[in-house]
Amino acid sequence: TTPVHVAHHPPGTPKTVDLRVGQHPTYDRVVIDLTGAVPGYDVRSVSSLHYDPSGESVPLRGAHFMQVTLTPSAAHDSQGGSLYVGPLLAQYAMPALRGVAFIGDFEGVVTFGLSLSGVRAFRVFELHAPTRIVIDLHH
């Protein structure tokens with residue numbers, strides 16, 4: 001349950017292109033798909049979720065929330081067109097994961113919100129070829 005902060009300083013700005021979820025026998029998994037190198041990331045519990053940069057509340061159901069911040073990263077191309085094809089706001093009925101939201105793509109920072117059924121132990125790791133950040137939420 002301890003926050004995870006990993007600093008990476010990749011050349012260029014990695015692109016965030018998708019987010020996928022899956023349920024397994026002992027954990028629920030969130031996978032963030034990227035192009036380019038792995039950006040730095042921060043995964044932590046928060047008391048509430050807010051859209052960046054508006055500050056409006058994110059309407060996810062759940063008893064506990066986590067924020068996932070990727071930096072540097074962008075979910076848009078150089079003309080401002082979206083590269084992200086994943087869910088913007090989705091609710092689930094998994095044992096741990098109750099919802100995900102794409103809550104920001106602003107000034108080199110991409111942010112996601114997760115809603116959970118309660119406080120959960122979690123692990124975060126990186127995969128390569130293709131580039132991904134994986135968050136396992138234990139039941």
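Any value given below was found using the heavy atoms of this structure, including those in side chains, with hydrogens, waters and symmetry copies removed. We're numbering straight along the sequence, starting at 1.
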From L114 CG over to Y92 OH, what is the distance, rounded to the nearest 0.5 angstrom? 10.0 Å
To the nearest 0.5 Å, what is the distance between OG1 on T69 and CZ on R44? 8.0 Å
Show which side-chain atoms of residues 3-12 pair as donor or acceptor with protein atoms under 3.5 Å away, not counting sequence neighbours.
unit_1	atom_1	unit_2	atom_2	d
H5	ND1	D42	OD1	3.1
H8	NE2	E126	OE2	2.7

Taking side chain as C-beta onward, heavy atoms only, is L70 less than 4.5 Å from L34? yes
Among residues at least two apart in sequence or on other chains, which ones pass side chain to side chain contact (heavy atoms under 4.5 Å, CB included) with S82? Y84
Approximate separation, where rounding is to 0.5 Å, of I32 CD1 and T131 OG1: 12.5 Å
With sequence neighbours excluded, what pairs up with R132 under the salt bridge (charged side-chain N to carboxylate O under 4.0 Å, His left out) test? none
Pairs meeting criterion salt bridge (Lys or Arg N to Asp or Glu O under 4.0 Å) with involvement of residues 58-87, two or more places apart: none
Are P95 and S117 packed together at the side-chain level, in the sense that at least one heavy-atom pair is separated by less than 4.5 angstrom? no
Is the side chain of S73 donor-acceptor paired with the backbone N or O of P39 at a distance under 3.5 Å, no angle test? no
Those residues that, when tested against D33, pass salt bridge (charged side-chain N to carboxylate O under 4.0 Å, His left out) (two or more places apart): R20
Heavy atoms of F122 and T2 approach each other most closely as CZ-O, 3.4 Å
Between T26 and H138, is the side-chain hydrogen bond (donor to acceptor under 3.5 Å, both in side chains) condition met? List the steps. CA-CA 6 Å; T26 60; H138 298 279; 5.2 Å; no
Close side-chain approach of V31 to L19, heavy-atom, < 4.5 Å: no
T71: partners by side chain to side chain donor-acceptor pair (under 3.5 Å), with sequence neighbours left out: none
Residue pair F125, I133: steps toward the side chain to side chain contact (heavy atoms under 4.5 Å, CB included) verdict: CA-CA 6 Å; F125 59 96; I133 296 172; over 6 Å; no
Testing the basics here: between M66 and L49, what is the closest heavy-atom pair and its distance to 0.1 Å? O-CD2, 3.6 Å
Side-chain donor/acceptor pairs under 3.5 Å, residues 50-60, sequence neighbours excluded:
unit_1	atom_1	unit_2	atom_2	d
H50	ND1	G55	O	3.2
H50	NE2	S48	OG	2.9
S54	OG	E56	N	3.2

Work out which heavy atom in R29 is nearest to a heavy atom in V134; give both atom names and the distance. NE-CG1, 3.3 Å
Any link between V68 and F65 through a network of hydrophobic side chains (Ile, Leu, Val, Met, Phe, Trp, Tyr) touching at under 4.5 Å? no
Remaining members of the apolar cluster that contains L83, side-chain heavy atoms under 4.5 Å: V17
Ring pair (Phe, Tyr, Trp, His ring centres under 6.0 Å) partners of residues 21-49, not counting sequence neighbours, each pair once: H24-Y27
Taking side chain to side chain donor-acceptor pair (under 3.5 Å) as the definition, give me every residue that meets it alongside H139, ordered by chain and number, with sequence neighbours left out. D28
Show me the side-chain donor-acceptor pairs of residues 97-112 shorter than 3.5 Å, one per line, residues at least two apart or across chains.
unit_1	atom_1	unit_2	atom_2	d
R98	NE	M94	O	3.0
D105	OD1	A75	N	3.2
D105	OD1	H76	ND1	3.2
D105	OD2	A75	N	3.2
D105	OD2	H76	ND1	2.7

